[in-house]
Amino acid sequence: MPKVDLTIPEHLEMRITQLVEQGEFLNREEAIEDLLSTGLKAYKTSGPMDDDEDAGYEDDGMMGHDDEYVF
């Protein structure tokens, strides 16, 4: 598996350490790998759209309503 050298903000390092200490992960390497993988999967499903015609639509909310879905 490729190795990556990563610099993260101190607050994220502290949160990762807490998760390991709470037993959510066996160690920091597993925590970082799992959290990065989960983040990439979430980004893939909710990230930027490839279609230019829909650009900006998600900023306006559904049918122009910011806090509700209209069907």
Report summary line: Rounding to 0.5 Å, atoms CD1 (I16) and NE2 (H11) come to a distance of 9.5 Å
Query raised in the report: Side chains of E21 and T17: do they bring a donor and an acceptor to under 3.5 Å?
Result: no
Query raised in the report: Are L12 and L36 connected, step by step, through hydrophobic side chains (Ile, Leu, Val, Met, Phe, Trp, Tyr) whose heavy atoms are closer than 4.5 Å?
Result: no
Query raised in the report: About how many Å separate CG of D34 and CG of L19, when rounded to the nearest 0.5 Å?
Result: 10.0 Å
Requested in this report: Count the heavy atoms of every other residue, nucleotide or ligand shown that sit under 6.0 Å from CD of E10, and state whether that count exceeds 12.
Outcome: no
Query raised in the report: Does a side-chain heavy-atom distance below 4.5 Å link L35 with F25?
Result: yes
Query raised in the report: If you look at every heavy atom in V20 and L26, which pair is closest and at what distance?
Result: CG1-O, 4.1 Å
Query - Intermediate values then yes/no, side-chain contact (heavy atoms from CB on, under 4.5 Å), E33 and E30 - result: CA-CA 5 Å; E33 181 180 341; E30 179 189 284; 5.8 Å; no
Query - CD/E13: more than 12 non-hydrogen atoms of other groups inside 6.0 Å - result: yes
